[in-house]
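So that the names make sense, note that chain A is the first sequence line, chain B the second, and so on, each numbered from 1.
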2 protein chains.
Amino acid sequence: MSNPCIICVAITGSVPSKADNPAVPITVAEQIESTHEAFEAGASIAHCHVRDDNGTPTSDPDRFAALKEGIEAHCPGMIVQLSTGGRSGTGRDRGGMLPLSPDMASLSVGSNNFPTRVYENSPDLVDWLASEMITHDVKPEIEAFDLSHIVQATRMAADGRLKGPLYVQFVMGVKNAMPADEPIFDFYIETLKRLAPDAQWCAAGIGQAQLTVNEWSISKGGHTRA
Amino acid sequence: MSNPCIICVAITGSVPSKADNPAVPITVAEQIESTHEAFEAGASIAHCHVRDDNGTPTSDPDRFAALKEGIEAHCPGMIVQLSTGGRSGTGRDRGGMLPLSPDMASLSVGSNNFPTRVYENSPDLVDWLASEMITHDVKPEIEAFDLSHIVQATRMAADGRLKGPLYVQFVMGVKNAMPADEPIFDFYIETLKRLAPDAQWCAAGIGQAQLTVNEWSISKGGHTRA
Ligand SMILES: [Zn+2]
Ligand SMILES: [Zn+2]
Ligand SMILES: [Zn+2]
Ligand SMILES: [Zn+2]
C-alpha cells in the first residue's frame with residue numbers, strides 16, 4: 001500500500017454502558033483521556049459518540065463540541081470523526097453537530113436490520129445529512145452495512161451529493177445485517193474499486209467479528225478500526 | 001439446467017393504478033382474466049397483490065381468497081403466490097392471508113431503502129411471517145433487495161426458521177436499493193449457491209431494468225418474472 005495505514009479508534013461505541021463495563025469511558029473527560037492513550041499508541045482517527053449525564057447516547061452538539069475541543073487540544077493532528085448514527089438520536093437531530101465542522105462524520109446511506117430493530121436512514125434524511133456535510137466541509141465516512149450501501153455511495157459521489165474521493169467503512173458482524181464473511185468482504189473491495197476507483201476503505205467487525213475483520217482489513221490493504 | 005424454466009407473472013404490482021394505466025388489471029375479475037392469459041402463454045407462478053374498491057393496495061384476506069379461488073378455478077396447476085410485501089399493509093396485517101395456505105407467499109427478510117422511504121421489515125415481523133408460513137405450509141419466495149437478505153435467508157434455513165430448499169428472488173432496479181448490475185447479479189448467484197447449494201432463484205428487474213434482468217436470469221439459469 002502506498003497510502004499510510006490509518007488506525008481508527010472508536011472511543012465509546014453507542015451500545016456499552018457503565019453497567020456493562022465500568023472501564024468504558026463515558027464522560028467527556030474520560031473519553032479524552034482514553035483517546036489520548038490511543039493517539040499515543042498510533043491511532044489517527046477518533047470515531048466519537050457522546051452520552052448525556054445519565055449515560056444515554058445523545059446527539060447533543062454541546063457534548064460533541066466539548067469532546068472535539070478536548071481531542072484537538074490533547075491529540076494534535078488527530079482526525080476527529082463524529083457519529084451521525086441512529087442510536088443517538090432521530091431525524092435531523094442526528095446531524096445537529098455538523099455545523100461544528102469536524103474533520104469527518106459517519107454517514108449511513110441506506111437502511112438495514114439491526115439485532116432487534118430496523119436501522120432507519122430514509123432517503124430524505126440521507127440526502128440532508130450529505131448536504132450538511134458539504135455545507136460544513138465535513139468528510140463523510142460511509143458506513144456500509146450491506147452491498148447496496150456501497151453502490152449508493154458511489155452514485156451519490158457521481159451525482160454530486162457526496163464529495164469524492166469516498167471513504168467507506170465496511171461493517172460486519174451485526175446480527176440480522178451482514179456477518180463477517182471473507183468472500184463478501186473481498187467482493188465489497190472489488191465493487192468499491194470498480195465503481196469508484198479513487199475510493200479508500202476501512203472495516204469494522206462488531207463483537208466477536210472484530211479481530212477477524214481487522215486481520216482481513218490489514219492484509220487486504222484497508223484501514224482498521226481498533 | 002435440469003429443472004424446467006419457471007415463468008412467474010406479477011399480475012398487478014402494488015404501485016400502478018388505473019390513473020397511471022387504464023389497462024392495468026385492478027379488480028379481482030380483471031386479475032383472474034389477465035392471469036389466465038399469462039397462464040395460457042406459459043406462466044407457471046402468479047405473484048399476486050390485491051386492491052380495495054378504491055384501487056388502494058390492501059392485505060385484505062377476503063380479497064386474496066377470491067383471487068386465489070379464481071386462479072385455481074381458471075388456471076389449474078398454476079402456483080399461487082400471495083404478496084406479504086409492505087406496500088399493502090403494515091405489521092402483522094401483512095401476513096393475514098397466510099391462513100389461506102396459498103402455494104407460496106413472498107417474504108422479505110431484511111430492510112432497505114425504497115425510492116422515497118424505508119422498506120421496514122423488522123426482525124420480529126420477519127420471524128413471525130416465517131413462522132406463519134411454516135404453520136400454514138406456505139413456501140416462501142424470499143425477496144432479496146440486497147446481499148445481506150440472501151445471507152439472512154440461508155441462516156434462517158439453517159436454524160429452522162425457514163423450510164428448505166430456499167427459493168430466492170433477486171430484485172434489482174429499485175431506486176435507492178440495488179440497481180441492475182451484472183457483476184453483483186453473478187455474485188448473488190455465487191453466494192446463494194455457496195451458502196445454500198440446494199436453493200433455487202429467480203430475478204425481477206423493476207421498471208427499466210426489467211428486460212435486462214430477465215435476460216440475465218434466463219442466460220444464467222434462473223427463473224424469470226414477466
Ligand atoms: Zn474507520
Ligand atoms: Zn459509531
Ligand atoms: Zn418469481
Ligand atoms: Zn409483489
Side-chain angles (χ1 to χ4, degrees), chain A residues 86 90-91 108-127 129-130 144-156 158-159 161 170-196 206 209, chain B residues 86 90-91 108-127 129-130 144-156 158-159 161 170-196 206 209:
Chain A
T90 55
S108 284
V109 297
S111 299
N112 56 274
N113 277 358
F114 268 176
T116 61
R117 65 184 181 90
V118 179
Y119 181 34
E120 293 187 55
N121 296 285
S122 73
D124 276 356
L125 180 64
V126 169
D127 286 348
L129 287 168
F145 289 90
D146 211 334
L147 179 59
S148 80
H149 303 181
I150 295 170
V151 178
Q152 181 75 356
T154 66
R155 274 188 298 219
M156 292 175 71
D159 68 21
R161 281 176 288 168
F170 310 143
V171 187
M172 289 184 149
V174 176
K175 187 182 170 195
N176 294 326
M178 192 62 85
D181 177 295
E182 194 166 9
I184 292 174
F185 191 97
D186 291 342
F187 191 72
Y188 275 1
I189 300 172
E190 187 184 316
T191 302
L192 181 64
K193 291 289 170 197
R194 173 169 62 91
L195 299 176
I206 306 302
Chain B
T90 54
S108 286
V109 297
S111 300
N112 56 275
N113 276 359
F114 269 176
T116 61
R117 65 184 179 88
V118 179
Y119 182 34
E120 294 188 54
N121 296 285
S122 72
D124 276 355
L125 180 63
V126 169
D127 285 349
L129 288 168
F145 289 89
D146 211 335
L147 179 59
S148 80
H149 303 180
I150 295 170
V151 178
Q152 180 76 355
T154 66
R155 275 189 297 220
M156 292 176 71
D159 68 22
R161 281 177 287 167
F170 310 143
V171 187
M172 289 184 149
V174 177
K175 187 183 171 195
N176 294 325
M178 191 63 83
D181 178 293
E182 194 165 9
I184 291 174
F185 192 97
D186 292 341
F187 191 72
Y188 274 2
I189 300 172
E190 188 184 317
T191 302
L192 181 64
K193 292 290 172 198
R194 173 169 62 91
L195 299 176
I206 306 302

A.B. asks: Apply side-chain contact (heavy atoms from CB on, under 4.5 Å) to A/Val118 and B/Val118, showing your working.
C.D. replies: CA-CA 9 Å; A/Val118 179; B/Val118 179; 4.2 Å; yes
A.B. asks: Supply the atom-to-atom distance B/Asn112 CG to A/Phe145 CZ, rounded to the nearest 0.5 angstrom.
C.D. replies: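 Output value for this atom pair is 15.0 Å.
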A.B. asks: Please flag which part of B/Phe114 lies under 4.5 Å from any non-hydrogen atom of chain A: side chain, backbone, both or neither.
C.D. replies: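 Only the backbone of B/Phe114 comes within 4.5 Å of chain A.
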A.B. asks: What option among B/Thr191, B/Ile184, B/Val109 has the most heavy-atom pairs under 4.5 Å with chain A?
C.D. replies: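 So the answer, after comparing B/Thr191, B/Ile184, B/Val109, is B/Ile184.
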A.B. asks: First locate atom CG of A/Asn113, then atom OG of B/Ser111, and finally report the distance between them rounded to the nearest 0.5 Å.
C.D. replies: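 The CG atom of A/Asn113 sits 3.5 Å away from the OG atom of B/Ser111.
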A.B. asks: Give, for atom CG of B/Asn121 and atom CG of A/Asn176, the distance between the pair rounded to the nearest 0.5 Å.
C.D. replies: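 Going from CG on B/Asn121 over to CG on A/Asn176, the span is 11.5 Å.
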A.B. asks: Against chain A, label B/Pro179 side chain, backbone, both or neither, depending on which of its atoms sit under 4.5 Å from a heavy atom there.
C.D. replies: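 Answer is both: backbone and side chain atoms of B/Pro179 are under 4.5 Å from chain A.
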A.B. asks: Using non-hydrogen atoms and a 4.5 Å limit, figure out which bit of B/Thr116 sits close to chain A: side chain, backbone, both or neither.
C.D. replies: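 Only the backbone of B/Thr116 comes within 4.5 Å of chain A.
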A.B. asks: Report which part of B/Leu125 has an atom under 4.5 Å of a heavy atom belonging to chain A: side chain, backbone, both, or neither.
C.D. replies: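 Answer is neither: B/Leu125 stays 4.5 Å or more from chain A.
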A.B. asks: Heavy-atom pairs under 4.5 Å with chain A - which of B/Lys175, B/Met156, B/Arg117 has more of them than the others?
C.D. replies: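 Among B/Lys175, B/Met156, B/Arg117, the one with the most close pairs to chain A is B/Arg117.
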A.B. asks: To the nearest 0.5 angstrom, please state how far the OG atom of B/Ser148 sits from the CE atom of A/Met172.
C.D. replies: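 Going from the OG atom of B/Ser148 to the CE atom of A/Met172 covers 10.5 Å.
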A.B. asks: Counting only N and O atoms by type, is there a donor-acceptor contact under 3.5 Å from the side chain of A/Asp146 to the main-chain atoms of B/Asp146?
C.D. replies: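 No; zero donor-acceptor contacts below 3.5 Å.
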A.B. asks: So for B/Asp124, is it side chain, backbone, both, or neither that comes closer than 4.5 Å to the heavy atoms of chain A?
C.D. replies: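 The answer is neither part of B/Asp124.
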A.B. asks: For B/Ala177 versus A/Arg155, what's the shortest heavy-atom pair and its separation?
C.D. replies: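 Result for this residue pair: O-NH2, 3.1 Å.
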